[in-house]
Visitor: 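After the structure tokens below, expect a handful of questions from me.
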Amino acid sequence: MIKTLTFAVAAVVFAGAINADEMEYMPPVTHAATLEECSACHMAYPAGFLPPQSWKVMMTGLDDHFGENAGLDEETRAEIEAYLVANAGRDRSRSNAVPLRISDLPWFRHEHEEEVSNRQFEKAKSWANCNACHKQAEQGIFEDD
Amino acid sequence: MKYLFVLPLCLLAAPLAAQSTTPADLVAQYSAEAGTEASADRGRDLFLATHTGGKPDTPSCTTCHSPDPKAMGQARTGKPIDPLAPSANSERFTDLKFVEKWFGRNCNSVFGRDCTAAEKADVVAWLSSL
């Protein structure tokens, strides 16, 4: 029974990884508190874009969240961390790295380098602004537009 | 005897738990807490000034909020921020919990500390006067 479960979980995680490689679909955030709090300054990024250890570190350093204070009350913070960790992506690093910026990940850079013109980037202002170009990003769809 | 202690605590907690407030109520509440009258002019100066002591990427309220609070602002991420002035955005300053969350975050980003009740009263007074 445990073996079957493990296999099922592995299959789901693996499927998620394939989707991420193609940069087409990543299940969007569905958890109410995460959706509300994490979309205040940017869209709520899918949990699958970072491995679990990243979300743990991210959610314990909200007083300096990429240069801003994004503090939350402890109850909400813990609830969001639990959701993000439970829905995190596979850890692809070989060195227990803890990536925090999705836009620094190799696949992200690979997908965006030479794809995005200066003009497009100026309009978006930041790599954080997925939906400036990916109009359906909030639905988890990151196809090239 | 215990109830004598509990009752004042309930009275204190009541406004914090309230789902809604108004800009005028907030100015009154923060002014009472500060023990001084709010000044829209001081609020304007505080809002428009460049500060040190906070995080280097956010030296002013206007880093993300427009210097014209009736206009849209823009977060460093590129995401638009709705106007702060209640005359341009009727949802502003109607939810105490929301207001306190964002004063808590943004005062720490910009000043490196919490804002005082007097500063909050001044800023809300200025934004409400526009």
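Order of the sequence lines fixes the chain letters, A, B, ..., with proteins taken first and strands second; residue numbering starts at 1 for each chain.
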Visitor: Are Ile81(B) and Phe93(B) connected in a single hydrophobic cluster, I mean Ile/Leu/Val/Met/Phe/Trp/Tyr linked by side-chain heavy atoms less than 4.5 Å apart?
Guide: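 Unlinked, Phe93(B) and Ile81(B) end up in two clusters.
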Visitor: Should we count CZ of Arg113(B) as having more than 12 external heavy atoms under 6.0 Å?
Guide: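 Counting other residues, nucleotides and ligands, CZ of Arg113(B) exceeds 12 neighbours.
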Visitor: Chain B heavy atoms under 4.5 Å from Glu37(A): which part of the residue, side chain, backbone, both or neither?
Guide: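 Contact with chain B: side chain only.
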Visitor: Hey, quick one: are Trp55(A) and Trp107(A) part of the same hydrophobic cluster, counting side-chain heavy atoms closer than 4.5 Å, chains of contacts allowed?
Guide: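 Trp55(A) and Trp107(A): one cluster.
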Visitor: Indicate if Leu26(B) and Phe98(B) have the same hydrophobic cluster label, given that clusters are the connected sets of ILVMFWY residues with side-chain heavy-atom separations under 4.5 angstrom.
Guide: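 Unlinked, Leu26(B) and Phe98(B) end up in two clusters.
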Visitor: Minimum heavy-atom separation for Ala75(B) to Cys41(A), with atom names?
Guide: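 The pair with the smallest heavy-atom distance is CB-O, 4.0 Å.
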Visitor: Honestly curious: do Leu105(A) and Val116(A) fall in one hydrophobic cluster under the side-chain, below-4.5 Å linking rule?
Guide: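 Yes; Val116(A) is reachable from Leu105(A) via cluster members.
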Visitor: Is it the case that atom CD in Gln139(A) sees more than 12 heavy atoms from other parts of the structure closer than 6.0 Å?
Guide: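 Enclosed.
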Visitor: I'd like to check the ring-ring contact (aromatic ring centres under 6.0 Å, His included) partners of Phe103(B); sequence neighbours left out, ordered by chain and number.
Guide: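 So Phe103(B) forms no ring-ring contact (aromatic ring centres under 6.0 Å, His included) with any residue.
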Visitor: Under a 4.5 Å cutoff for heavy-atom pairs, which residue among Gln74(B), Lys101(B), Arg76(B) has the most contacts with chain A?
Guide: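 Looking at each of Gln74(B), Lys101(B), Arg76(B) in turn, Arg76(B) comes out on top.
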Visitor: Inspect the contact between Lys79(B) and Glu138(A) and indicate whether a charged nitrogen and a carboxylate oxygen are less than 4.0 angstrom apart.
Guide: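 Lys79(B) and Glu138(A): not salt-bridged.
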Visitor: Within the supplied structure, the quantity of interest is the number of heavy atoms (other residues, nucleotides, ligands) at a distance under 6.0 Å from Asn118(A) CG; does it exceed 12?
Guide: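 For Asn118(A), atom CG is not crowded (no more than 12 foreign heavy atoms under 6.0 Å).
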Visitor: Non-hydrogen contacts under 4.5 angstrom with chain B: give the residues of residues 64-74 of chain A involved, or none if there are none.
Guide: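 Listed by number: Asp64(A), Phe66(A), Gly67(A), Glu68(A), Asn69(A), Ala70(A), Gly71(A), Leu72(A).
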Visitor: Quick one: what part of Ala132(A) sits under 4.5 Å from any heavy atom of chain B, side chain, backbone, both or neither?
Guide: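 Looking at Ala132(A), nothing touches chain B.
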